[in-house]
Engineer: 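Below is the structure I would like to discuss, written out as structure tokens.
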Amino acid sequence: MMMDVKLSSRVLSVGVYYKNNAPGGMASVADSYSKSFHKYSYVSSWKTGNKLTKFVYLTCALVQVIWQLCFNRSISILHIHTAAHASFYRKSLFVLLGRIFNKKILMHIHASQFKVFYSQSNWKGLIRKILNLCDLVLVLSNSWKDYFIAIGVDHKKLAVLNNIVHPPSITIAPVSFNFPVKYLFLGEIGDRKGIFDLLNVIADNKELFKDNLHLLIGGNGEVKRLIDFINQNELNSFVTFLGWVSDESKQEALLTSDVFILPSYNEGLPIAILEAMSYGKPIISTDIGGIAEIVKDKYNGCLILPGDYNAIKESLSFFIDNPHYINEFGNRSLKVVKAYYAENVMVELKKIYEQCLAG
């Protein structure tokens with residue numbers, strides 16, 4: 001479903017720069033929305049760069065939004081996409097602009113680390129105030145909704161909107177399985193995503209895994225640390241770093257892998273997992289954020305606790321010892337992920353916009 005012209009013309013969205021395969025889940029969501037609106041009015045408020053570049057970029061975004069709110073009479077809704085930390089405080093400026101111009105305000109929380117951000121903040125009252133100034137706060141799962149209610153956000157202002165993913169453009173065939181089992185990690189290279197936990201487990205059990213698995217890693221971040229670890233632990237024969245993958249290279253990685261793994265410490269509801277599920281992959285991930293709402297242990301994957309080396313080892317071994325579950329679990333992933341396809345999410349977003357306008 002495409003968002004119709006009349007309704008989409010009433011919405012101005014604000015968020016990170018999302019074009020040219022910009023990294024990050026929020027950028028991926030914005031890009032998916034851009035393909036699902038007949039008219040997508042979007043102001044980018046942040047882009048990677050030095051401090052001066054970021055300041056100028058934010059200033060220009062504020063000017064653009066003020067201009068739109070002053071002179072574009074069709075705009076009724078300000079849809080603000082935010083993460084945590086500095087992102088949240090930047091986006092608070094747009095919430096205030098929405099209030100000044102008497103627009104409906106939707107704050108869409110994509111933050112994987114919001115709990116950490118809030119618990120460590122000295123400005124908890126301000127954070128709650130900003131959230132409650134919005135007409136609606138959109139969150140990625142029921143567990144996140146419960147969390148925001150618990151910290152003091154009006155339950156009437158909270159709505160769950162599934163993250164969005166587009167199904168593959170090709171037909172997904174069952175895996176023709178051969179050893180070794182091919183595991184795929186896609187994400188930021190660093191401690192938060194758990195990639196070094198995974199590598200430590202493999203290095204500690206090298207004799208067990210060297211002939212039974214092949215790990216493919218795609219992403220950006222602490223690349224030198226990653227490559228040094230692989231070299232120092234002599235994992236090159238069965239651990240491959242693909243670099244940053246997008247478009248055809250990402251599709252190739254998803255098509256040729258057997259199992260997707262993301263042992264993160266903080267997540268909202270990862271686009272990477274949804275993409276892997278849309279390719280019919282079983283998932284190994286951690287029971288954090290909204291992940292447990294899409295990954296069920298021993299149904300379409302394995303759920304583990306962050307930093308649990310033994311659980312990582314057991315989940316890797318599970319598919320090596322039980323390869324017949326790869327297709328079975330993958331087929332279940334395909335069923336679960338349909339609710340997150342653009343055609344279904346756009347229906348729900350349309351209802352949310354209409355609810356907001358009617359309120």
Side-chain angles (χ1 to χ4, degrees), residues 1 3 7-8 10-16 18 24-34 36-37 40-43 45-46 65 75-84 87-92 94-99 103-115 117-118 127-165 267-271 274 289-291 293-294 339-359:
M1 171 190 168
M3 190 69 66
L7 183 56
S8 60
R10 301 187 69 179
V11 180
L12 176 63
S13 297
V14 179
V16 298
Y18 69 86
M26 192 162 23
S28 177
V29 169
D31 183 55
S32 291
Y33 281 10
S34 73
S36 304
F37 279 61
Y40 193 51
S41 299
Y42 188 93
V43 174
S45 61
W46 189 89
V65 170
I75 293 174
S76 303
I77 297 174
L78 196 57
H79 187 159
I80 302 166
H81 298 269
T82 189
S87 174
F88 182 85
Y89 292 125
R90 286 194 301 269
K91 300 303 169 46
S92 298
F94 296 96
V95 172
L96 296 177
L97 284 178
R99 275 286 156 256
K103 304 300 180 182
K104 298 291 186 180
I105 304 167
L106 274 65
M107 182 170 264
H108 199 154
I109 309 287
H110 300 269
S112 60
Q113 299 187 69
F114 200 96
K115 293 179 183 179
F117 161 60
Y118 183 79
I127 295 169
R128 291 194 300 270
K129 179 71 172 176
I130 292 295
L131 291 169
N132 283 305
L133 277 176
C134 301
D135 293 278
L136 280 176
V137 177
L138 303 183
V139 295
L140 302 180
S141 68
N142 286 309
S143 60
W144 276 109
K145 181 179 179 180
D146 292 341
Y147 167 76
F148 280 102
I149 291 172
I151 67 170
V153 180
D154 185 348
H155 71 95
K156 296 178 183 177
K157 292 177 178 271
L158 285 159
V160 176
L161 180 66
N162 286 341
N163 243 338
I164 185 171
V165 65
E267 291 291 352
L269 189 65
I271 294 293
L274 294 174
I291 292 175
E293 295 182 31
I294 56 173
Y340 299 83
Y341 285 167
E343 61 193 56
N344 297 314
V345 175
M346 283 298 111
V347 170
E348 296 306 311
L349 183 57
K350 182 175 185 287
K351 291 177 183 177
I352 287 169
Y353 285 158
E354 290 172 342
Q355 172 192 343
C356 196
L357 291 170

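A quick note: this is a predicted structure, and the numbers were derived from the prediction, not measured.
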Engineer: Which residues pass the side-chain contact (heavy atoms from CB on, under 4.5 Å) test with N344, not counting sequence neighbours?
Structural biologist: Y341

Engineer: When the ring centroid of Y89 is compared with that of F117, is the distance short of 6.0 Å?
Structural biologist: yes

Engineer: Under the salt bridge (Lys or Arg N to Asp or Glu O under 4.0 Å) rule, collect the residues that match up with R128, sequence neighbours excluded.
Structural biologist: none

Engineer: Suppose we screen for side-chain contact (heavy atoms from CB on, under 4.5 Å). Which residues come up paired with K157, at least two apart in sequence or across chains?
Structural biologist: N132, D154

Engineer: Mind checking what makes side chain to side chain donor-acceptor pair (under 3.5 Å) contact with D135, not counting sequence neighbours?
Structural biologist: R99

Engineer: Who pairs with Y40 by ring pair (Phe, Tyr, Trp, His ring centres under 6.0 Å), at least two apart in sequence or on another chain?
Structural biologist: F37, Y42

Engineer: Can you list everything that forms a side-chain contact (heavy atoms from CB on, under 4.5 Å) with T82? Sequence neighbours excluded, please.
Structural biologist: S87, F88, K91, M107, I109

Engineer: Listed by chain and number, what are the ring pair (Phe, Tyr, Trp, His ring centres under 6.0 Å) partners of Y147, not counting sequence neighbours?
Structural biologist: W144

Engineer: Could you pull out all residues at least two apart from R90 that satisfy side chain to side chain donor-acceptor pair (under 3.5 Å)?
Structural biologist: none

Engineer: Extract all donor-acceptor atom pairs below 3.5 Å that involve side chains of residues 347-359 and protein atoms in other chains or at least two apart in sequence.
Structural biologist:
unit_1: K350; atom_1: NZ; unit_2: E354; atom_2: OE2; d: 2.6
unit_1: Y353; atom_1: OH; unit_2: H79; atom_2: ND1; d: 2.7

Engineer: Can you list the residues that meet the side chain to side chain donor-acceptor pair (under 3.5 Å) rule with S112, with sequence neighbours excluded?
Structural biologist: R192

Engineer: Could you state the interatomic distance from CG (L161) to CG (L140), rounded to the nearest 0.5 Å?
Structural biologist: 8.0 Å

Engineer: Would you check if the side chain of Q113 reaches a backbone N or O of A84 as a donor-acceptor pair within less than 3.5 Å?
Structural biologist: no

Engineer: Can you sort out the partners of N162 under side chain to side chain donor-acceptor pair (under 3.5 Å), two or more places apart, ordered by chain and number?
Structural biologist: none

Engineer: May I have the step-by-step check of side-chain contact (heavy atoms from CB on, under 4.5 Å) for K104 and I77, ending in yes or no?
Structural biologist: CA-CA 5 Å; K104 298 291 186 180; I77 297 174; 4.1 Å; yes

Engineer: Using the test side-chain contact (heavy atoms from CB on, under 4.5 Å), find all partners of D31 that sit at least two apart in sequence or belong to another chain.
Structural biologist: Y18, S34, K35

